[in-house]
Structure formats: C-alpha cells, structure tokens
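Notes for the one structure printed next.
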Amino acid sequence: MLDIQLLRTQIDTVAARLGSRGLQFDTAAFLALEEERKRLQTRTQELQAQRNALSKQIGMLKGRGEDASTVLAEVGRLGDELKACEQALPALLEKINDFTAALPNLPHESVPVGGDEAGNVEVRRWGTPRSFDFEVRDHVDVGAPIGLEFETGARLSGSRFSFLRGPIARLHRALAQFMLDVQTVEHGYTECYTPYIVNREAMVGTGQLPKFKEDLFWVLRGGDEEGLEQYLIPTAEIPLTNSVREQVLAADALPIRLTAHSPCFRSEAGSGGRDVRGMIRQHQFDKVEMVQIVQPETSYAALEQMVGHAEAILQKLGLPYRVMALCTGDMGFSAAKTYDLEVWLPAQNTYREISSCSNCEAFQARRMQTRFKNAQGKNELVHTLNGSGLAVGRALVAVIENYQQADGSVVVPEVLRPYMGGLEVIEAVL
RNA sequence: GGAGAGGUGGCAGAGUGGUCGAAUGUACCUGACUCGAAAUCAGGCGUAGGUGCGAGCCUACCGUGGGUUCGAAUCCCACCCUCUCCGCCA
C-alpha cells in the first residue's frame, strides 16, 4: 500500500513512478474520488458533532427531569442526511481503498527502468560453467533413473506435480536442511515453522491479495461448500512477514531475521505452457525463505546483505550463477527493489531464476500495520525484506544437471554429503 | 463436535443506555524533594483520520460485522478468537 498522503499531495510524481512499471494510473479518477471523500467526510463529521452535542443535551435535560422534546425534534432533523452520509462514506472509503490496494509499490530510484525482463541488468557473475566431454542431459533424463517421477505425480495430482523416490528424495531433503542450517547458524536467522494455510488478511498484508487471487490455491474444510477464506501459502514470506502484523515493535528488537523451510503452492495461472517439462515450474515446491524486519534507514544495506546470504548457498554448492537487478517493469507487486539470482543450467545453456530478494520498504508494513517506536518515541512503519535462500526444487535441478556424469550417476556436492550419510555419488540404478 | 466461561487502554481491572475515550492500580515519561537512589508529591502518558499557519478544535475506535436508539463499552443478532471440561484424533 502506498502512503495515501503521498498520493494526495504528489499524485503526478507517483503516477510517473508507477508509469515506469508500465502502469497507467488514472489520476483524474483518483482525484475525483478524493474530492468527493473530502466533501463527504467533512460533512459527516460535522453532522456527527451536532448530533453528539444535542444528544448530550438530551441526557442532561432528562437527568434533571426536564422536557427534552424540543431538542429531540432538532436532532431528528439531522437524521436523514446523517444516515445518508454514514452509509455513503464507508462505501466511498472502501472504493478508494480498493483503488490504492491495487497499486504496486514505487520503484526505488536505483532500479533500472525497463518494460520487461529484457531490461534487467546483470550486476555480477560467480563461477565458471563446467565444460562437459559428453552430451549434457537435462534433469528429467538424468533424474529418471535416480527416482524423479513425473508420471507418478501426474497420476496422483495432475500436471506440474512430481514424485521423488529414493536417493533423489533424500538429496532434496539434504538441500533444504543444508540451506536452513547455513541461514540459521551462519547468517543469524531464527528458524521458524509456520502454518501453510493462512487467512485473507495475511495475503493482503504481503500483497498477494486482492490482486492476484488466481495465482493462489484456496482451501475449504471437508464438506463445506463455502466457508472461511483460507489459502495455501505460495511462499513462507507470507507467514514470516505477517508474524509481526498489527504490532508496535521495540526499536532494539530490530532487525528481526526469520527463516523457514516450507512447501509453496502456486496455481501458475497464466504461465500457459511455459516450462511444462521438468521440475522448473510446479504447483508445489519447497523453499527456504528469509525475511527481515528492519528500521527504514538500514533496509537497503539489509537487501545487499540478504542477496549475499542467498549467494552463499550457491557458492557452497559450487553452482555458477549471476545476480540480476530487476528493472521497473519486471519487479513484483510489493517490491521497491529486487535482485534475482540465476543459476546456471547446462542443459538449457542458460541461467534460470533460483532466488529473488526484495526490499518492500514500508509497502507491506503499511498493509500489516507493523510499526516500531523510533528514537522520537513515535510509531513508525518498519521496512520488510524477503528473499529465497533458496528454492529447493530448482536447486535440485541445478545440482542434478551440473553434477551429472557420463555414466548417468550424479556426484553429491561436498557440503551435502554430511546430510546424505556420507554418500558421494548417486548411482543410476532404479 | 458437545457443555461452560470470557474478550475493555503496555499490563491488571471497573464500568444502572446519557457531560465515558473510558474509574482505579501498575508500568512508562517529565518536574519537585535528595549528594544520588528509593519512597513521596505534582503533571503527562492510546491509535487512526479530518480541519487549521498554529495553540487547538472535531470525528471514529472498548474482539469483528450488522441492528435497536436522539444517544451503545453497556441492549439484540451473527461471526471470530481465547480458556476449562467431555468426545474424536496425528
């Protein structure tokens, strides 16, 4: 949510900055709503003040046992207009709220301007893609003989689900455990276990709702045809970030660093046919998520730091990657600035997204009403950041493809071996 | 799922439908007293919004949403949450 005061006072600047994200902001429509709001709100409050004063008089008169019928008649005259105002105002405020809740965050000034992913800027690269002396196969082919089963997943659930069996399932678990250990032990994040089903308010808080309902799975209790509005989380960012919703935090409690390993559920509406082969784009995948709740002055330093926390995983796994600064047109709804990490996938001969780290500034905090007591003793909105550290399914893909051998076996990266009972190579036996 | 109790300011805890945004205690802040502290005394101490250059004034908020009323923390309805007991359950 953008600051409504900013919208009221600097609407043209806001419109221009939103325009850099490719958004047409109808300023005239907004201004018209605002003008009406101002008129209606002022009038409503005026009438309420009159009513309150008269009602107070009635109370005093009756208290003294005197006749109140004159005042009663007077207050009666306010009735119709007041009732009309009290009905119209909330409706109008909701309309304005719907309008602003659908506006994305303003890009930070350092974000490159661009219309789509072609406008993203490479910041740095790490590692050298391995050269293969045999024909490289993709993770679907390498994975099949070590327990990666798409057909089973499809039979159980449908397309975009996979079933892991045996050593590859263990490798998947090892990756998640390893990531969680690095983020907690080396980078100071507090490990969390969170609900995977959350309510509407949480989804609104982080920005998935009201605009992106079609990307979510929503759930009903058995037997209910309708009921509470509850959703499967598309990322642990939602429970982690919302864990501080509607709170006023002590300044010395910040920064808060949280991490969680969780499944993520995404309907992938609109992805139409992209990445249908393999594990790249699934309805369900695991992720280790990082979230930071920080004071505003420190949020951009925290963002750089968080990108480093994600990079550390790839470096330890020995996976080549590059860091991309997303351009204005490619950023997510809640982000003011985003870096993507893209890992090298030899079979695709390209880099693919494996992590996304964003500073949302006060955008989510305003929606969640999360504040802290600043040095002046005033309540001030916090800044929130989130980042993948990393996507487990895509990390699995990257390991399989980058560590494959000519005989179909896959070498286990050294840092994962303690999580695999010392296993060094996964042999293709199944 | 069944039975009961309850949700009020940071916390605790009052509140016959009428000068209640809310007593009181406690915590916290400021000042006085003190060499300093404690104790004591005085004052201050919620959030959001509107309006004004400003001191300020006004509006809303007592779990949430409706309703009754000139007026609702207080009455009515629905829902949510918490606690206790019973049942079921990993």
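Within every chain, numbering begins at 1; the chains are lettered A, B, ... in the order of the sequence lines, protein sequences first and strands thereafter. Computed from a predicted model, the values in this text were never measured in an experiment.
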Between [N] atom [atom2] and [X] atom [atom1], what is the distance in whole Å?
X         : N       : atom1 : atom2 : result
Gln5(A)   : rG49(B) : CD    : P     : 6 Å
Lys378(A) : rG46(B) : NZ    : P     : 10 Å
Ile96(A)  : rG49(B) : CD1   : C1'   : 12 Å
Leu54(A)  : rC70(B) : CG    : P     : 13 Å
Gln45(A)  : rC57(B) : CD    : C1'   : 12 Å
Leu82(A)  : rG71(B) : CG    : C1'   : 12 Å
Lys56(A)  : rG17(B) : NZ    : C1'   : 15 Å
Lys62(A)  : rU16(B) : NZ    : P     : 20 Å

Taking only the [atom1] atom of each, what is the distance from [N] to [M] in whole angstrom?
N       : M       : atom1 : answer
rG43(B) : rU16(B) : C1'   : 33 Å
rA23(B) : rG15(B) : C1'   : 8 Å
rG31(B) : rA37(B) : P     : 11 Å
rA5(B)  : rC20(B) : C1'   : 27 Å
rG1(B)  : rA14(B) : C1'   : 37 Å
rU34(B) : rA39(B) : C1'   : 11 Å
rA73(B) : rA38(B) : C1'   : 39 Å
rG65(B) : rC70(B) : P     : 23 Å

Determine which nucleotide pairs with [N], using a 3.5 Å limit on both distances of a Watson-Crick or G-U wobble pair.
N       : result
rC85(B) : rG2(B)
rA37(B) : none
rA42(B) : rU30(B)
rC53(B) : none
rG65(B) : rC77(B)

Just to confirm, is there a sub-4.0 Å distance from OP1 or OP2 of [N] to any side-chain nitrogen or oxygen of [X]?
X         : N       : result
Asn52(A)  : rA60(B) : yes
Arg51(A)  : rA60(B) : yes
Lys38(A)  : rU51(B) : yes
Asn379(A) : rU47(B) : yes

Quiz prompt | Nearest-nucleotide comparison on RNA chain B, the residue closer to the 5′ end among Glu46(A) and Arg371(A) | solution = Arg371(A)
Practice problem: For Ala53(A) and for Gly76(A), locate the closest nucleotide of RNA chain B by heavy-atom distance; then report the residue assigned to the nucleotide nearer the 5' terminus. | Solution: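 Nearer the 5' end of the strand: Ala53(A).
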Practice problem: Could you tell me whether the side chains of Ser356(A) and Asp340(A) share a donor-acceptor contact shorter than 3.5 Å? | Solution: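 Present: a donor and an acceptor within the cut-off.
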Practice problem: Go through the side-chain N and O atoms of Gln57(A) and Glu74(A) and say whether any donor and acceptor fall under 3.5 Å apart. | Solution: no
Practice problem: Give one of base, sugar-phosphate or nothing for Arg37(A), where a contact means two heavy atoms less than 4.0 Å apart. | Solution: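 Counting heavy atoms under 4.0 Å across all strands, the contact made by Arg37(A) is with sugar-phosphate only.
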Quiz item: Contact class for Glu86(A) (heavy atom, under 4.0 Å): base, sugar-phosphate, or nothing?
Solution: nothing
NZ/NE/NH1/NH2 to OD/OE distance under 4.0 Å, [X] and [Y]:
X         : Y         : answer
Lys316(A) : Glu186(A) : yes
Lys83(A)  : Glu86(A)  : no
Arg43(A)  : Glu81(A)  : yes

Quiz item: Hey, would you say the Tyr196(A) and Phe265(A) ring centroids sit under 6.0 Å apart?
Solution: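 When the ring centroids of Tyr196(A) and Phe265(A) are compared, they turn out to be at least 6.0 Å apart.
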Exercise. Measure distances between side-chain N and O atoms of Gln41(A) and base N and O atoms of rG49(B), and say whether any donor-acceptor pair falls under 3.5 Å.
Key: no
Quiz item: With respect to the side chain of Ser55(A), which nucleotide from rG18(B), rA60(B), rC58(B) is positioned closest?
Solution: rG18(B)
Quiz prompt | Test item: Val397(A) and Val343(A) side chains (from C-beta on) under 4.5 Å apart, heavy atoms | solution = no
